[in-house]
Structure formats: structure tokens, C-alpha cells
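Below is one structure; the comments refer to it alone.
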Amino acid sequence: MFSMPESLRAFLHETGEIARFSLRFFREGFQPRFEWEEFVRQCFLVGYRSLPLVGLTAFIIGLVLTMQLRPTMVYYGVEVQIPAMVGIAIVREIGPILTALIFAGKIGSSIGAELGSMKVTEQIDAMEVSGTNPFKYLVVTRTLATMLMLPILVLLADAISLAGSYLGVNMYETLTYPLFFKKVFDNLTYIDIIPAFVKTFFFGFAVGIIGCYKGYYCEKGTEGVGLSANSSVVASSVAIFILDLIAVQISDLFQP
Amino acid sequence: MQETVINIEGLSKSFGANKVLDHFDLQLHRGENLVVLGKSGSGKSVLIKCIIGLIEPDHGKIQVLGKNVLNLNHVQLDQVRVKVAFLFQSNALYDSMTVRENLEFPLRRHSIQLSAGDADQMVREALQNVGLEHTIDMMPVDLSGGMRKRIALARTLILKPEIILYDEPTTGLDPITSQEISALINQIRDKYQTSALVISHDMRCVKTVAHRIAMLIDGKCYAVGSYEELAASTDSKIKPFFD
Ligand SMILES: Nc1ncnc2c1ncn2[C@@H]1O[C@H](COP(=O)(O)OP(=O)(O)O)[C@@H](O)[C@H]1O
Ligand SMILES: [Mg+2]
């Protein structure tokens, strides 16, 4: 135990620091004064900026997944089950994880870069001397915004993805829209939907808090800002996978 | 006997093994421009950030306008910060806001009762003081370095502070703009009777603005005197600054 590898030490240290930062979020986030104006502005920016990319990828994945599955399903003679299978795959896993990763790339990096450059150009200090708690103004609002907007984006992505899948099915056969969705939803239970939805709040929290943490403790200089943006994406993507792993273990307990 | 508006005694601050300030003492008198002169990395920024409560020192006493800064709660500290303005070395203009929103930020955030008309009037007056009224709706990124410095200065003036802390106000500017900023520091003092602590190592600026100079060397206040007194010094640590 005396010679823990340096990289492991650094990883554990950082995990601890992020946990401390998160605790501060829960301690300070719910004390007055809440920064409504900034929160609403962030919700708009965070949701609006990622929607086109999320929508496009969701559509393509729904379509491609359906087309990729078809040969195997046909081989086993179960092509009527394609909507059911794609529906489960999208709602339980692909929608949440894909949207969260795109969100981490797009929003995590921009929060890391924004707060990082605010840190190195002393804007965070300037807020503090202007009667503003920068942690509440910047960190709490952004983290709550990512927590709220990611689940909404995931719901939209699921719907768009299923539309892509509908198109994929209709390239080979004719299936009406109502019938397609009946097939999808007949096979989805609350045990599929609820855990998949709940975990996205945690994904959103991870993207927001890690981006803010990386920016808030940015190193001096322009290199530092780039590093904050970059490491926000890496760290929040890893966090998303770890949370996903935990989520599947938990939801498995409730599986009939 | 002159009134002391900032009184610092035995201020010490280390970052790990790096001892930045070591029993530093300093008095700022009402109405004067006091320059703190020191090498790059000698702890000048750390010193003024301690004064405004942005950095917590390890030991020492800091009294600002009779209040002991280190014992204040958040509300009391904010009251002090209304009277003590800070011009940041990197200007610290908010990139996402226009010039007007930048100037309004301290007005709106400190709990001061204002009508919209007052706020507009105060923003315009502050911009007038730095000669940049026409930039009111521009974004900071669209301004030159010298203009950004002036806007930042306008923002520090907006609450009519009693004390202004300038962190290297001329660093990174061309010589002509530097002289303009130095002149502006003097104009502001004459117009509003502010007291100022100016951090600098730009000797032209120092010569223009300083009533007194304090030398920050090895974490201590090594010497205090007028420009002429210190320039005449033969001390091996002071001399290099004035050569
Ligand atoms: N937050 C900090 N953490 C660690 N070291 C710091 C911090 N702030 C300043 N320092 C160190 O304190 C010393 C003085 O810094 P500073 O006051 O910025 O110098 P300057 O006189 O150029 O303004 C430097 O060696 C710097 O590395
Ligand atoms: Mg400095």
C-alpha cells in the first residue's frame, strides 16, 4: 500500500475533490438567494445548443440500428419483433447514453471552457467582490440546468430515434405508424422506462458539476482553459459510463 | 495627523512552502495614491486580494475603513466591498455581457436601492469619466486593450468608492495608453477624493501617480518613501527598480 501508483493517487484525489465540490452544491444550492434569471438563461442555452446535434444523431442511430438488426432477425424469422427490440434498446440504453455523451461533449466542454476562462481572467473574483456568490451564480445554475435539460433531451431523442427506426422498418415492409408504436410500447414496461429516465438526472448532474469543477479550478493561462474543456469531456464521459453501470445493477434488482 | 483608511499589520501568507507575504505592514492614508512596487511574482496581487477578502491570509490584521476585514461575515464584507473597488489586472470584464450590463452588474448585485433611471445615469457618468460613452452597447471582445482597461475602470468607479485598489493598471498596454491610464488615475483622485493603492512595476506610471511608494521585497514592506527619496537610495535591493 505504500507505493500507490501516481496515476491512481491522482484519480482518487480528483474523485474526492469532485465529491467535495458536489457536497458544496447541495449545501449552498438550496439556500437563498436563488439566481432564477441566470438559471432560466442557462436552461435555454444548454437545451437549445445541444438539440440539433442530439436530434440528428438520435434519428440516424434509430435508422441504422433498425437496418443493422434486420438480417439477423430475418434469419431467425422474427422480423416482426424489430420494433419491440429497437424500442427496448433505444429507451433503456441507447437514448440515454448517446444523448448524455453528446451532451458531455457539447455542454460539458463549453461549461469547462467558459468557467475556465472566467477564472483565469479574474471574472469569478470580480463577481465575488460585486456582491455575488459566484458558486451560486455560476455553478448551481449551470448544474441544475444540465440536470433538468438532459432528461428532456433524452425524451426527445428517444422519440426522434423511434421515428428513425420507423423509417428503417418501412424501407423493407409497410407498417403503419400506430401499429409500429403499438409494437414498441406493448413490449415496454415501467421497469424499462422509469430507471432509464431517472438515471438521466444523474448523468446531467455529472456533466454539469464536472464541467463546473474543471473550470472553477482551471490552471492559469490559455492552455489551462483548453485543458479544462478537454478534461471536462473525458471525466464526465467516464462518470456517465460508471453511473450507467451502477444504474443497471440497481434496476436489475426490480426486474421480475 | 492623517486619517488611515487601510491599516495592515503583520500580514503573512504562504502557499505550501512558498512564503509569499511575511509580516507585511502598510498604511494607506485618506486621499493619497500609494504605490506598492515589487518584482513580478513578489506577492502584490496576493496582498490586494487579501485586503478585499478574496484570499484569506495565514496571520495578520487588515483594517479597512475601521473594519477588521478578517472577522466580517458575508453581509458585512459586502458592505465594505461597496466602498472599496478593485481594478483587476486582467480587467475581468464579463465576456457574455455588453458594456452597459458589465457596469450595471455591481449596481444590481449589491443591495442598493436604485430606480432604472438612476442606474442609467450612473452608467453614463462612469463611462463619461473614462471618455467611452459610445461603447455602451458593445461587447468587451470588440474593444481594444486600452478601451477594455477604461471600461473596467468605469466599472470600478460606478459605486463611487472611497478606496480603489489597482492591480497593475498599465501592464500589457502600450506606453501612450499607459500614460493615459496613469493620468486617469490622478483625475479620478482629484474628482472623487478617493484613496488608492496602486500595484505596479511600470516606473513611468509610478512616477506619475505616486504620492508615496512602498517597496514589497521578500514578503516584507522593505521601505516606504516618495519617488525622489527612493530613487536617491543606494540600497542594493531598491536601486534596480529606479535604474
Ligand atoms: N492561488 C494560489 N495558489 C498557489 N500559489 C499562488 C496562488 N496565488 C499566487 N500564488 C503564488 O504567489 C506568488 C505571488 O503571486 P502574485 O501575488 O500573483 O504575484 P505578483 O506580485 O506578480 O502579482 C507567486 O509565486 C504565485 O505563484
Ligand atoms: Mg499580479
* **Heavy-atom pair of closest approach, residues A/E122 and B/A92** => O-CB, 3.4 Å
* To do: Can you tell which part of B/Q79 gets under 4.5 Å to a heavy atom of chain A, answering side chain, backbone, both or neither?
  => neither
* Within 6.0 Å of CZ in A/F202, more than 12 heavy atoms from elsewhere -> no
* Asked: Just wondering, are more than 12 heavy atoms of other shown residues or ligands nearer than 6.0 Å to CZ in A/F11?
  -> no
* Under 6.0 Å from the OH atom of A/Y48, do we count more than 12 heavy atoms belonging to anything else shown? -> no
* State plainly whether the residues B/K49 and A/E128 are in salt-bridge range, i.e. N to O under 4.0 Å. => no
* Would the number of heavy atoms belonging to other residues, nucleotides or ligands and lying under 6.0 Å from CZ of B/R108 be above 12? -> yes
* **Whether over 12 other heavy atoms sit under 6.0 Å from A/E17 CD** => yes
* Asked: Closest heavy-atom contact between A/M127 and B/Y94?
  -> N-OH, 3.3 Å
* Structure fact -> Between B/S96 and A/R41, the two heavy atoms sitting closest are OG-NH2, 4.2 Å
* So which part of B/L159 gets closer than 4.5 Å to some heavy atom of chain A, the side chain, the backbone, both or neither? -> neither
* **Atom CD of A/E219 with >12 non-hydrogen neighbours under 6.0 angstrom** => no
* Structure fact -> Between A/S117 and B/D95, the two heavy atoms sitting closest are OG-OD2, 4.2 Å
* To do: Taking all heavy atoms of B/R155 and all of A/A126, pick out the closest pair and write down the distance.
  => NH2-CB, 3.8 Å
* Structure fact -> Counting heavy-atom pairs under 4.5 angstrom with chain B, the leader among A/T121, A/V120, A/I124 is A/T121
* Should we say atom CD of B/E56 is surrounded by more than 12 heavy atoms from elsewhere, each under 6.0 Å from it? -> no
* Quick one: pull up CG in A/D125 and CZ in B/F86 and give me the separation to the nearest 0.5 Å. => 7.5 Å
